[in-house]
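Counting starts at 1 for both ligands and their atoms, following the listed order.
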Amino acid sequence: MSKKWKVILDCDVGHDDAIALMLGAAHLDIELVGIVAVAGNQVLEKTLKNTLHVVQHLGLDIPVYAGMSCPMVRDQTVAGEIHGESGLDGPVFDELKISAQEEHGVNYIIRTILESKEKITLVPVGPMTDIGMALRMRPEIRENIERIVLMGGAYGLGNYTPAAEFNFLADPEAAHIVFTSGVPVVMMGLDLTNQALADRSIIDRMEGIGNKAGKLFGDMMRFTLESQRLFGLEAGPVHDVTAMAYTVHPDLFEVKPAYVEICLDKGNCYGRSVVDFYGICGKEPNALVGTGLDKGAFWDFLEENLRMLP
Ligand code: RIB
Ligand code: CA
């Protein structure tokens with residue numbers, strides 16, 4: 001029997017991106033058909049290299065593609081202070097022996113969606129540049145997208161500016177294209193993802209699994225224990241994992257319908273997601289927005305799946 005969800009992960013590895021990748025590779029109901037690396041936490045050269053390292057380290061048979069190296073409109077910004085100079089500081093990998101596919105990641109996304117007999121679920125967990133480009137180049141792909149389950153935005157405070165979360169701020173125009181596309185969107189914003197904190201007890205628990213995936217979790221998340229203190233957080237949130245988890249286990253989450261608009265004014269609110277739960281804007285909801293997480297069940301779910309990996 002074919003797997004329940006055909007998923008393309010678009011990511012800017014990144015510590016939490018890597019764990020989302022592991023979950024997607026492990027879960028029995030997910031067919032992770034491809035991974036596209038995008039510029040975000042670090043420049044594309046680094047996020048692509050990090051993605052390939054994780055795939056090689058765990059011996060995953062999943063093709064990796066290089067996506068966009070810069071945002072659609074604004075100048076590039078990266079998050080070295082959180083993920084380190086490499087974009088994945090902490091773990092030490094063997095020499096990289098695998099490489100990305102020749103095809104550009106945006107063309108891969110378009111081709112795969114148009115050719116697929118089943119609808120494709122897109123899970124973008126970095127700046128949504130690749131998704132925005134694909135939707136602009138071939139709008140007809142909207143008909144064969146199951147939904148876009150993304151990590152980004154917030155209805156409360158941002159984390160890169162007081163108003164904006166990093167993924168949306170790094171490419172606001174791409175986020176705007178996604179939320180105005182008409183494709184069903186599930187938004188895992190900071191209000192939800194900051195509930196998924198990998199503190200020392202969680203790190204010890206995942207390392208205790210005793211496999212390569214558990215050790216990689218520990219090597220990565222011990223690094224973010226320190227870097228997240230910048231934001232007054234006691235530990236590193238595994239932001240991106242919530243998007244992959246929702247794809248197959250929505251009952252771990254409380255979500256509410258909302259009208260979401262991205263601020264494109266080049267001021268203090270640039271890249272902010274304005275989230276209207278109450279119809280004040282007079283617009284129909286265009287997303288389900290994560291508000292609550294069953295933390296205990298979430299970590300049980302993640303541990304169960306990391307145990308499935310080498
Ligand atoms: O703001 C959190 C997001 O920024 C996550 O996707 C994290 O990986 C970084 O890209
Ligand atoms: Ca990310």
Side-chain angles (χ1 to χ4, degrees), residues 8-24 35-44 46-51 53-54 64 67-68 71 76-91 105 122-131 148-172 174-175 178 186-198 217 220-221 223-225 227-228 230-233 235-247 262 270-273 289-290 293:
I8 294 175
L9 173 65
D10 192 279
C11 53
D12 60 334
V13 177
H15 298 68
D16 53 326
D17 305 70
I19 302 167
L21 191 166
M22 290 200 275
L23 175 57
I35 304 165
V36 182
V38 69
N41 283 318
Q42 268 295 355
V43 295
L44 177 63
K46 293 181 179 179
T47 60
L48 176 62
K49 184 178 173 189
N50 295 338
T51 305
H53 268 307
V54 173
V64 176
M68 294 296 289
Q76 184 164 48
T77 182
V78 297
E81 67 282 3
I82 293 297
H83 297 273
E85 188 47 38
S86 71
L88 193 63
D89 283 14
L122 297 178
V123 180
V125 294
M128 291 193 282
T129 314
D130 294 332
I131 315 302
I148 298 173
V149 188
L150 64 93
M151 190 279 140
Y155 50 84
L157 290 176
N159 63 356
Y160 216 65
T161 68
E165 177 276 329
F166 175 77
N167 288 342
F168 284 13
L169 181 62
D171 197 336
V178 167
V186 179
M187 170 179 144
M188 292 290 151
L190 293 175
D191 316 275
L192 184 283
T193 65
N194 277 337
Q195 297 178 49
L197 282 179
F217 182 102
M220 292 190 297
M221 297 315 288
F223 173 81
T224 63
L225 270 179
S227 63
Q228 288 293 330
L230 278 172
F231 293 89
L233 290 172
V238 291
H239 301 284
D240 298 341
V241 182
T242 63
M244 189 62 79
Y246 182 90
T247 304
I262 307 301
Y270 189 37
R272 176 161 184 75
S273 46
V289 176
L293 174 68

A.B. asks: State, yes or no, whether a side-chain contact exists between His239 and Asn194 at a heavy-atom distance under 4.5 Å.
C.D. replies: yes

A.B. asks: So which protein N/O/S atoms does the Ca ion (ligand 2) have within less than 3.0 Å?
C.D. replies: Asp12 OD1, Asp17 OD1, Asp17 OD2, Val125 O, Asp240 OD2

A.B. asks: For Ile35, which of Thr51, Val13, Leu48 qualifies under side chain to side chain contact (heavy atoms under 4.5 Å, CB included)?
C.D. replies: Thr51

A.B. asks: I'd like to know if the side chain of Ser86 pairs up with that of Asp89 as donor and acceptor (distance under 3.5 Å, no hydrogens or angles considered).
C.D. replies: yes

A.B. asks: Does Val36 form a side chain to side chain contact (heavy atoms under 4.5 Å, CB included) with Ile8? I'd like the steps, not just the answer.
C.D. replies: CA-CA 8 Å; Val36 182; Ile8 294 175; 4.2 Å; yes

A.B. asks: Is it true that a side-chain atom of Asp240 and a backbone atom of Asp17 form a donor plus acceptor pair closer than 3.5 Å?
C.D. replies: yes

A.B. asks: Can you list, by chain and residue number, every protein residue with a non-hydrogen atom closer than 4.0 Å to ligand 1?
C.D. replies: Asp12, Asp16, Asp17, Asn41, His83, Val125, Met151, Asn159, Glu165, Phe166, Asn167, His239, Asp240

A.B. asks: What residue among Thr129, Thr47, Asn41 forms side-chain hydrogen bond (donor to acceptor under 3.5 Å, both in side chains) with Asp12?
C.D. replies: Asn41

A.B. asks: For Tyr155, check ring-ring contact (aromatic ring centres under 6.0 Å, His included) against everything at least two apart and list the hits.
C.D. replies: Phe277

A.B. asks: In the structure I gave you, are the side-chain heavy atoms of Met128 and Asn167 within less than 4.5 Å of one another anywhere?
C.D. replies: no

A.B. asks: Mind checking what makes ring-ring contact (aromatic ring centres under 6.0 Å, His included) contact with Tyr246, not counting sequence neighbours?
C.D. replies: Phe253

